Amino acid sequence: MSADTKVEARDVSVYYGKKQALFNVDLDIDSRQVTSLIGPSGCGKSTFLRCVNRMNDTIEGCRVQGKIRLDGEDIHDRTLDPVKLRARVGMVFQKPNPFPKSIYDNVAYGPRLHGLVSRKDETEELVRSSLQRAGLWQEVEDRIHEPGTSLSGGQQQRLCIARAIAVRPEVILMDEPCSALDPIATARIEELIDELRENFTIVIVTHSMQQAARVSQRTAFFHLGILVEEGDTEKIFTSPTDKRTQDYITGRSG
Amino acid sequence: MSEHIVKSFDEELERLRGAVQEMGGLAAEQLELSLRALLEPDPELAEQVVEADSEIDALEQRISQDAIRLLALRQPMAVDLRQAIAAIKIAFDLERSGDLAKNIALRLPVLKGFANRGTLETVARMGELAGWQLHDVLRAYSGTDPVLAREVWLRDRQIDDLYESNFRVYLTYMMEDPRTISAYTHLHFVAKNIERIGDHSTNIARSVYYLAEGVPLDEPRPKGADAKTAYVDPPAET
Ligand SMILES: Nc1ncnc2c1ncn2[C@@H]1O[C@H](COP(=O)(O)OP(=O)(O)OP(=O)(O)O)[C@@H](O)[C@H]1O
Ligand SMILES: [Mg+2]
């Protein structure tokens, strides 16, 4: 593990009942970098992502083996509270999923829950700064008490990102965050990801090779539950080492 | 290499490669004909070479347009990306080689009555070497063969050495008889053009190597004497 490793996965295997979905994955995720996870549908990208904040614990029949360390600390340690872990490792999903509450409350919910804010002016300030960082503030500043669900898809996704960063996580996991968005909304999110990289470690699952190439510094290719190849994004997309990677990213049937 | 799931993508890449190969064949032919025209000498053949150059130019245009369209519409990755870039770069080097061959043919009027067969034949041999280099690098391209590409790249030194020694010979002749200065200057340009064609083949060799291996060919190459240092003492004053 290098000094810049934020998340370290060692020999991680995941089972859903008897079915094994991930096989002995070793992967280091660098601090303050964007790492993209790519690979064909069903190869285990989301499964891996859910290991990092122990979301798999909530799935019935799902069993995780191996070690995952956050800043060198075992996330499966008994003394580690999964709720606290999820505050440190936030998640943004494919489909924007704002709570059925106001824009304001969507962002304020997490910080209140984790006791990051107590006074009203503190909450207001955090909501505003989170929305600003998510690039949404200007568009919602005069309708902050309208329901989050009244926003467009792209705005809702930025709201979910604002919600995720409001609790000041260290790592943000994003599972296909742009798959339902148009090119302009996608570009906004990608620009945002690039800005967030300054302060957060980001892991993004995407089916768009171009998006992985645009936003990430590191890329990991999964195939049938195996981590096939991992390296600098530039290297993966110009001259991958493994034939399976090459076939996948060039659209060959193998 | 397995096939693309989208079949028309394979067809487009194949068409691009085909056009580059066609262009390579034309450029090699132009070099050969321009030298033959010089040796014979055959003004009609030289004229033919000059006219045929536009065909190579047109092919280069088509290749770069097709490659740009492929980049925009297919957004190729990995080996496909390298394939599109290689086509653009190789077409550029072939177009320049064609221009240089045309330039050789254009010098025929001055060199037509040239008496020194020996120097002409030496230049033609140098041209032949450059022709082989071009043929080999095109073979490396068609077989995506990094080993052959590297060989071509290393062999360029022979042409460079010939070019240097020719230059010394010309300097000597010109000093002996200043009436030959014009002819030898033109002959020197012919040799220079051939040497440049050799350089374009080494560029192509690099492109083929990168296409095949995904890493640049950047080991240091043994370098011959430098033209800048070629120098012959003037005859002693009497
Ligand atoms: N809750 C679950 N119960 C049982 N099997 C599951 C569950 N979630 C995922 N799997 C299985 O685990 C494997 C990996 O699934 P996962 O969702 O991680 O793939 P993915 O790479 O994210 O695919 P996609 O690109 O389609 O989102 C698949 O075979 C899938 O069927
Ligand atoms: Mg998934």
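Basis for what follows: all heavy atoms, side chains included, without hydrogens, waters or symmetry-related copies. In this text the structure is predicted, and so the values were computed from the model without any measurement.
With a threshold of 4.5 angstrom between heavy atoms, A/Gln210 approaches chain B through its backbone and through its side chain. With a threshold of 4.5 angstrom between heavy atoms, B/Glu3 approaches chain A through N, CA, C or O but not through any side-chain atom. Using a 4.5 Å cut-off between heavy atoms, A/Lys235 does not touch chain B at all. Looking at B/Ile5, both its backbone and its side chain come within 4.5 Å of chain A, counting heavy atoms on both sides.
Not counting sequence neighbours, the partners of B/Lys192 by the side-chain hydrogen bond (donor to acceptor under 3.5 Å, both in side chains) test are B/Glu195.
A 6.0 Å sphere centred on CD of B/Glu219 holds more than 12 heavy atoms belonging to other residues, nucleotides or ligands.
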Would you tabulate the side-chain donor-acceptor contacts of residues 46-69 of chain B under 3.5 Å, counting partners in other chains and residues two or more places apart, or write 'none'?
residue, atom, partner, partner atom, Å
B/Ser54, OG, B/Glu51, O, 3.2
B/Ser64, OG, B/Glu60, O, 3.3
B/Ser64, OG, B/Gln61, O, 3.2

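Side-chain atoms of B/Leu73 and B/Glu12, non-hydrogen and from C-beta on, never get closer than 4.5 Å to each other.
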